Amino acid sequence: MVHLGGVPREGPWEAILEHNIVGTYNVFEAARQCGVKRVVYASSNHVIGYYRAERPVGIDAPPRPDSRYGVSKVFGEALGRLYADKHGLSVACLRIGSFRERPQNARQLATWISPRDMVQLARCCIDAPDYRFLVLYGVSGNSRSRWHNPAAAVVGYRPQDNAEAYASEFKIPFADGTNPAVEFHGGEYCALDLIIKSTR
């Protein structure tokens, strides 16, 4: 089962609760009851969005979500871990970056995943030999990527595209400490509803 449903961006809590929290629980529970062997879950890079952009982040860093949406994806990953440990499901959580036809801004030179790489990644997670629980970053082979992605080798994911091909189209913003959308991995999500001006 590949679970791609839910609210795909930051939004009102009521909608995120219904679709990303309750809905994700229903998917995992239905998978268990129906004897599904593997669930591929669409998580998000916004699980770790509040790490500073200059710091590379791997899969073992504690969650640091940048939004209600990011919190819902932390929940989904934890739920996947529970169903793997308690019920024996094979679970892959894909922390998808910026899924677009092509990068749309300077940040996406690091976070972009192309359609064909996304299809390949999902297929690899479906077809890979036995694994219990994996977290992977859904990102193309970008020269500027800031995410360590060791589980990609486990499933045989070999990205074909690199956002660097589009780098000349964008002006790289200077990180001067005044723009949270530049300072953190989560980009513009980190600036939404912001009250404090500095996060370390």
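Note that this is a predicted model, so its numbers are computed, not measured.
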Peer 1: Same cluster or not: M118 versus V40, using hydrophobic residues (I, L, V, M, F, W, Y) connected whenever any side-chain heavy atoms lie under 4.5 Å apart?
Peer 2: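 In one cluster: yes.
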
Peer 1: Without swapping roles, check the side chain of K73 against the backbone of A42 for a donor-acceptor pair under 3.5 Å.
Peer 2: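 Yes; judged by distance alone, with no hydrogens or angles, the pair exists.
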
Peer 1: Starting from the C-alpha separation in whole Å, work towards a yes-or-no answer on side chain to side chain contact (heavy atoms under 4.5 Å, CB included) for V47 and E77.
Peer 2: CA-CA 9 Å; V47 162; E77 290 188 9; 3.8 Å; yes

Peer 1: Are L136 and C93 side-chain neighbours, meaning at least one heavy-atom pair lies under 4.5 Å?
Peer 2: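 Sidechains of C93 and L136: no contact.
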
Peer 1: Can you see which heavy atom on N142 is nearest to which on A110, and at what distance?
Peer 2: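 Closest approach of N142 to A110: ND2-O, 3.2 Å.
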
Peer 1: Should N162 and S143 be marked as a side chain to side chain contact (heavy atoms under 4.5 Å, CB included) after you check the CA-CA gap, both sets of side-chain angles, and the distance that decides it?
Peer 2: CA-CA 7 Å; N162 187 335; S143 300; 2.9 Å; yes

Peer 1: Between D130 and S90, do the side chains contain an N or O donor and an N or O acceptor separated by less than 3.5 Å?
Peer 2: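 The answer is no; no qualifying pair exists.
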
Peer 1: Would you compute the distance between atom CG of L79 and atom OH of Y25 and round it to the nearest 0.5 angstrom?
Peer 2: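 Those atoms lie 8.0 Å apart.
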
Peer 1: Quick one: are S43 and V135 in side-chain contact, heavy atoms under 4.5 Å?
Peer 2: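 Not in contact.
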
Peer 1: How long is the gap from CD on Q33 to CG on N26, to the nearest 0.5 Å?
Peer 2: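 Rounded to the nearest 0.5 Å, the CD-CG separation comes to 9.5 Å.
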
Peer 1: Taking P159's backbone N and O only, do any of them form a donor-acceptor pair with D117's side chain (distance below 3.5 Å, no angle check)?
Peer 2: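 Between the backbone of P159 and the side chain of D117 there is no qualifying donor-acceptor contact (under 3.5 Å).
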
Peer 1: Can you name the nearest heavy-atom pair linking Y189 to S67, along with the distance?
Peer 2: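 Result for this residue pair: CD2-OG, 3.5 Å.
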
Peer 1: What distance do T111 atom OG1 and F99 atom CZ have between them, rounded to the nearest 0.5 Å?
Peer 2: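 These two atoms lie 13.0 Å from each other.
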
Peer 1: Any idea which heavy atoms bring R64 and Y51 closest together, and the distance?
Peer 2: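 So the two residues come closest at CB-CE1, 3.5 Å.
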
Peer 1: Between W147 (side chain only) and P56 (backbone N and O only), is there a donor and an acceptor less than 3.5 Å apart?
Peer 2: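 Looks like no, no N/O pair under 3.5 Å.
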
Peer 1: Closest approach of A31 and V39, non-hydrogen atoms and distance?
Peer 2: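 Nearest heavy atoms, A31 then V39: CB-CG2, 3.8 Å.
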
Peer 1: Donor-acceptor check, side chain of D66 to backbone of C190, threshold 3.5 angstrom: yes or no?
Peer 2: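 No; zero donor-acceptor contacts below 3.5 Å.
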
Peer 1: Does a donor on one side chain sit under 3.5 Å from an acceptor on the other, for S114 and D161?
Peer 2: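 Yes.
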
Peer 1: Say whether Y166 and Q108, considering side chains only, have a donor N or O and an acceptor N or O under 3.5 Å apart.
Peer 2: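 Distance-only check fails for Y166 and Q108.
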
Peer 1: Provide the closest heavy-atom pair for A15 versus V7 in the form atom of the first, atom of the second, distance.
Peer 2: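 Smallest interatomic distance, heavy atoms only, reads O-CG2, 3.7 Å.
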
Peer 1: Distance-only, no hydrogens or angles: does the S72 side chain make a donor-acceptor pair with backbone N or O of Y69 under 3.5 Å?
Peer 2: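 A pair under 3.5 Å: yes.
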
Peer 1: State plainly whether one hydrophobic cluster holds both V71 and V57, where clusters connect Ile, Leu, Val, Met, Phe, Trp and Tyr through side-chain heavy atoms under 4.5 angstrom apart.
Peer 2: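 They do not share one cluster, since no chain of ILVMFWY contacts under 4.5 Å joins V71 to V57.
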
Peer 1: Would you say R81's side chain and F133's backbone share a donor-acceptor pair under 3.5 angstrom?
Peer 2: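 Not a single qualifying donor-acceptor pair exists.
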
Peer 1: In sequence, state the C-alpha distance, the side-chain angles, and the governing distance for E188 and R107, and then conclude on salt bridge (charged side-chain N to carboxylate O under 4.0 Å, His left out).
Peer 2: CA-CA 10 Å; E188 63 184 18; R107 173 181 176 267; over 6 Å; no

Peer 1: Does some side-chain heavy atom of R68 sit less than 4.5 Å from a side-chain heavy atom of D193?
Peer 2: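 Counting from C-beta outward, D193 and R68 do come under 4.5 Å.
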
Peer 1: Between CZ of F75 and OG1 of T24, what distance do you get to the nearest 0.5 Å?
Peer 2: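 The OG1 atom of T24 is 7.0 Å from CZ of F75, to the nearest 0.5 Å.
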
Peer 1: Do other residues, nucleotides or ligands put more than 12 heavy atoms under 6.0 Å from the CD atom of E10?
Peer 2: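 Result for CD/E10: enclosed.
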
Peer 1: Identify each donor-acceptor pair in which a side-chain atom of residues 119-128 lies under 3.5 Å from a protein atom, sequence neighbours left out, and give them as a table.
Peer 2:
{"from": "Q120", "atom 1": "OE1", "to": "R158", "atom 2": "N", "distance (Å)": "2.8"}
{"from": "Q120", "atom 1": "NE2", "to": "R158", "atom 2": "O", "distance (Å)": "2.9"}

Peer 1: Who pairs with Y137 by side-chain hydrogen bond (donor to acceptor under 3.5 Å, both in side chains), at least two apart in sequence or on another chain?
Peer 2: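 Result, side-chain hydrogen bond (donor to acceptor under 3.5 Å, both in side chains) vs Y137: R95.
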
Peer 1: Do the ring planes of F184 and Y50 sit parallel (below 30°), tilted (30 to 60°) or perpendicular (above 60°)?
Peer 2: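 The arrangement is perpendicular - the two ring planes meet at more than 60°.
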
Peer 1: Is there a donor-acceptor contact under 3.5 Å from the side chain of H185 to the main chain of R55?
Peer 2: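 Side chain of H185 to backbone of R55, a donor-acceptor pair under 3.5 Å: yes, one is there.
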
Peer 1: With a 4.5 Å heavy-atom cut-off, do L134 and V91 have their side chains touching?
Peer 2: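 The answer is no, as the side chains (C-beta and beyond) never meet within the 4.5 Å cut-off.
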
Peer 1: Scan for salt bridge (charged side-chain N to carboxylate O under 4.0 Å, His left out) pairs involving residues 131-151, sequence neighbours excluded, and state none if there are none.
Peer 2: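 Output for this query lists R144-E164.
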
Peer 1: For H46, does its backbone N or O pair with a side-chain atom of S44 as donor and acceptor, under 3.5 Å?
Peer 2: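 Present.
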
Peer 1: With rounding to the nearest 0.5 angstrom, report the CD to CZ distance, Q104 to F170.
Peer 2: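 The CZ atom of F170 is 8.0 Å from CD of Q104, to the nearest 0.5 Å.
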
Peer 1: For I48 and P62, work out which heavy atoms get closest and say how close.
Peer 2: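 For I48 and P62, the tightest heavy-atom pair comes out as CG2-O, 4.4 Å.
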
Peer 1: Other residues, nucleotides and ligands only: do more than 12 of their heavy atoms fall within 6.0 Å of CD on E101?
Peer 2: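 Count not over threshold, so no.
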
Peer 1: I'd like to know if the side chain of N45 reaches the main chain of I96, judged simply by a donor and an acceptor atom lying under 3.5 Å from each other, with no hydrogens or angles considered.
Peer 2: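 Yes; at least one donor-acceptor contact below 3.5 Å.
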
Peer 1: With the 4.5 Å side-chain cut-off for hydrophobic clustering, are I59 and Y157 part of the same group?
Peer 2: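 No, it is not one cluster - the side chains of I59 and Y157 are not joined through contacts under 4.5 Å.
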
Peer 1: Kindly indicate whether the side chain of Y83, heavy atoms from C-beta on, has any atom under 4.5 Å from the side chain of Y41.
Peer 2: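 Contact flag for Y83/Y41 side chains = no.
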
